[in-house]
Amino acid sequence: MDAKTYNAELAELRVLRDGIRKAQAALEKLETDRARKITALAGYEKAKAERIAPAAGLSLADIVAIAPILAPDRLTTTAQPNPAPVPPSPEPAAPPAAAAVQTPEPAGETALPSSTEHAQTPAQAGTVAPAMTRPAPEPETEPERPAAASVPAPVAAAPLAAQGAQRALPGIPEGPDGDRWFAHTTNLASTHPNFTQQARSTVFLDTTTGVLVHRQQTHHLDLGNRAAADILTAVFHTIPEGVERIYITAGAPWHRQADQHPFLKDAVAAWLNAPTPGWRTDTGRGRDRMAGHFVHPRNPVGRYQREHGEQHVEIRSAGEWFDTEGTEPAVIRDAFVLLWKALRRHWPDAVLMGSPSQTGRDLWTRTIPTKGQYADGYPVLSEELRGLFHATAGQGRTELITPPRVPAQLPALVEYDRTFAYAKHTWKSGVGTPRRVTAATFASWSQKEQTKALFACGHWHVRVTVPDTWTHIGILPAPAPGDRAWHYPATPGTTFTTWAGGPEIHTALSNPHTPWKIEILDGILFDDGKPLDDWSKKLKEAWSSLTAQADLNGDPDQRTAAHLAARAVRALLLYGIGAFAQRPRTVTGTTPRTMERDVPPDAEIIGFDDQTITWQRPTGFTRDPNAHPEWAAHIWSSARAALLTQRHRDDNTYAGALHAPPGTIVAFRTDAVYLTQPQPWPHHAQPGDYLNKGHLPGPIPAPTTEDELLTLRDRGRAAHHATPTPERA
């Protein structure tokens with residue numbers, strides 16, 4: 001083969017690649033549509049996997065993986081109540097038996113806990129262990145109920161439905177290999193910054209109307225086809241001195257050719273990478289160096305630099321901060337001004353950066369102490385532990401409960417949303433060098449030590465068994481079958497293995513119905529500290545101030561601006577916490593078709609057109625000095641637990657899904673729970689309180705897809721808003 005033939009064959013190979021990419025995109029869309037159909041069919045009370053499988057061209061296991069509710073009865077069994085004793089292994093290298101945290105049959109309210117005892121030795125396996133009393137509840141967040149824990153022998157696990165398709169979670173290696181994970185990354189810590197962020201000149205642009213707001217001036221632009229080049233040309237013609245940030249408030253120009261692409265992300269990538277005469281993709285600058293475009297289906301970022309000059313500009317969506325729908329650019333600008341002023345009262349050097357996650361974390365670094373125990377900063381965990389938290393610590397609970405677990409016709413759909421929820425759970429976080437707690441170590445501890453560990457900031461590898469008499473929703477997250485991240489098993493007798501935080505484990509042990517069985521397999525334990533408390537308190541004060549302005553201001557536009565600014569403070573905390581999680585980074589890049597050989601060899605091609613190839617490649621964990629996934633994991637676990645049960649001390653009552661009757665919970669969406677009937681949960685406009693945001697009277701068909709739920713949610717909010725209540729009177 002000569003060079004000419006070689007190049008010709010390469011050209012044909014590229015044509016095949018492009019055709020395969022298009023076919024794969026079409027196939028993925030068809031498979032997604034098929035999964036949605038299967039989920040919808042699963043909502044029919046007489047639906048059977050045996051009938052759906054041949055119609056879908058899938059196996060029974062595939063159908064059950066997509067819709068676990070269709071699992072046949074034979075796939076679920078009940079754990080044996082009295083398993084045979086497990087003899088101790090003579091092999092010293094064998095892994096230790098799991099230490100269990102189990103509650104006995106509920107006792108009367110006058111029953112007294114037994115005295116403190118140590119865990120069983122292996123020779124005692126199969127006997128009944130002494131009870132371990134529960135500790136006093138954590139302040140403000142945990143209910144106060146009697147429960148007990150013990151250390152029985154391992155129990156034969158009841159298989160989870162469709163367990164063959166279940167996603168396996170990683171664990172910590174046994175012995176010295178795992179022990180080495182329990183250290184900090186060398187020379188990497190979060191420290192107080194020794195510089196001041198520089199503010200950037202910003203404009204606000206509605207690409208639907210062409211209205212541009214710059215400082216106190218309003219301009220009307222001709223944006224042509226709304227391509228990035230058209231926007232840059234129009235803005236810099238109107239403001240010759242230049243700007244550094246363009247917030248798009250309406251119009252979503254990156255979606256203008258969405259009908260020409262199989263996926264929205266492809267349309268966004270094409271818009272970002274279209275030719276921009278006189279400009280090139282920015283390569284980054286300054287301490288907040290951010291290079292290249294960021295491809296996101298709804299809130300992308302385009303970064304550009306003059307081809308011959310030092311002028312830099314980024315095009316962003318104001319939707320990163322709050323919902324901008326129906327709001328004029330001038331009001332959105334006022335919202336950013338109010339936000340900046342509110343933050344300046346607490347941070348004299350506060351600067352609004354491009355996104356709430358950047359700004360939130362920058363403000364947090366300015367609360368790191370310069371004196372005392374952590375004057376040298378908060379060290380960053382080893383990359384291995386960060387990877388484990390990334391794989392095993394989910395975020396908000398998202399779950400849709402379909403018939404027959406709820407009625408096919410709902411009497412109503414009532415939405416309760418927790419106000420500024422994450423701000424409720426930042427008062428305590430794990431600090432110091434983490435400690436490993438193996439099953440054997442946990443079992444060797446006294447009752448007092450075990451209880452203290454479960455109330456501390458920790459992350460636990462556990463085996464969970466749902467009680468045989470359970471009739472309510474699931475409590476602990478489990479790795480889900482199929483492509484979903486997590487689900488919440490609730491079938492009586494089901495046993496599964498997962499990772500969970502202390503707040504959720506406490507909820508499983510002391511819920512108001514029936515205690516769950518928890519077996520400790522492994523754990524990561526931290527000292528309790530308050531690294532986020534000062535930051536969170538300042539944000540809560542700013543939020544309260546702006547919320548009051550929104551309630552009291554007589555000018556409708558200023559009320560709207562203050563409301564949006566308060567939402568932006570919420571975003572600072574919400575996305576700031578998310579930024580601590582430090583997901584493994586994926587870099588997105590573009591290469592001209594004429595330079596195809598320059599595409600990185602480990603990159604995945606995610607889009608292309610006649611001129612440009614768009615690719616992405618994983619880069620793993622960077623040396624981020626502000627990576628603290630242990631903090632995000634504890635807050636997320638606390639928030640998920642509070643969705644289920646939360647004590648209101650001042651009202652001497654409880655709120656949360658577990659305090660509603662079984663069969664009335666329809667869905668969870670991060671901070672919100674949807675029910676079939678109203679609840680008497682108190683709301684005092686404080687972080688964590690449940691706010692009734694929607695009420696749609698029935699009967700209405702139970703939603704079987706997320707789109708159906710969101711449609712009903714919007715109708716419920718509109719109906720609720722139209723009904724006068726004492727709160728809005």
Side-chain angles (χ1 to χ4, degrees), residues 77-89 94-105 117-134 147-160 163 166 168-172 174 178 392 436-447 449-451 453-455 458-468 470 474-479 488-511 514-525 637:
T77 61
T78 304
Q80 298 298 321
N82 297 305
V86 180
S89 171
V101 181
Q102 186 183 21
T103 50
E105 292 297 319
E117 296 283 347
H118 289 282
Q120 294 167 285
T121 63
Q124 294 173 309
T127 64
V128 178
M132 182 179 80
T133 57
R134 297 298 303 166
S150 61
V151 186
V155 176
L160 190 65
Q163 193 163 5
Q166 184 177 341
L169 295 179
I172 304 171
E174 297 291 339
T392 61
R436 182 176 190 177
V437 182
T438 64
T441 300
F442 187 88
S444 70
W445 284 351
S446 68
Q447 165 198 319
E449 290 171 322
Q450 289 181 344
T451 1
L454 290 177
F455 272 112
H459 194 53
W460 301 95
H461 197 191
V462 292
R463 184 179 297 118
V464 183
T465 301
V466 183
D468 292 338
W470 190 253
I475 293 181
L476 292 171
Y488 296 81
T491 304
T494 298
T495 294
F496 58 95
T497 301
T498 190
W499 285 83
E504 290 171 287
I505 291 176
H506 176 269
T507 300
L509 289 168
S510 61
N511 71 81
T514 304
W516 286 33
K517 178 188 171 186
I518 309 291
E519 296 176 80
I520 301 296
L521 306 176
D522 213 338
I524 306 167
L525 191 61
S637 176

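It should be emphasised that the depicted structure is a prediction, and the values quoted were computed from it without experimental measurement. Starting from 1, each residue takes its place in the sequence as its number.
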Minimum heavy-atom distance between P479 and T498, given as atom pair plus value
CD-OG1, 3.9 Å

Heavy-atom pair of closest approach, residues W516 and P489
CH2-O, 3.5 Å

Beyond-backbone contact of T491 with V466, side-chain heavy atoms, under 4.5 angstrom
no

Of all heavy-atom pairs linking S446 and E449, the shortest is N-OE1, 2.9 Å

Below 4.5 Å, heavy atoms only, C-beta onward: do L525 and W460 meet side chain to side chain?
yes

Please examine the side chains of L476 and I518, heavy atoms only from C-beta on, and report whether any two atoms are closer than 4.5 Å.
yes

Checking S510 side chain against H506 main chain: does a donor-acceptor pair fall under 3.5 Å?
yes

If you look at every heavy atom in W470 and T514, which pair is closest and at what distance?
CZ3-O, 3.4 Å

Measure the shortest side-chain to side-chain distance between F442 and L454 over non-hydrogen atoms and say whether it is less than 4.5 angstrom.
yes

Look up atom CG in L521 and atom OG1 in T497, then write down how far apart they are to the nearest 0.5 Å.
6.0 Å

Could you tell me whether the side chain of V462 reaches within less than 4.5 Å of the side chain of I520, counting heavy atoms only?
yes

Are any non-hydrogen side-chain atoms of I172 and H461 less than 4.5 angstrom apart?
no

Report the relative orientation of the aromatic rings in W499 and H459; use parallel for angles under 30°, tilted for 30 to 60°, perpendicular for over 60°.
parallel

Determine whether a donor-acceptor pair (N or O, by modelled atom type, separation under 3.5 Å) exists between the side chain of T465 and the backbone of K517.
no

With distance as the sole test, does T494 use its side chain to make a donor-acceptor pair with the main-chain N or O of A490 at under 3.5 Å?
no

Closest non-hydrogen atom pair between P503 and S637, with its separation:
CD-OG, 3.6 Å

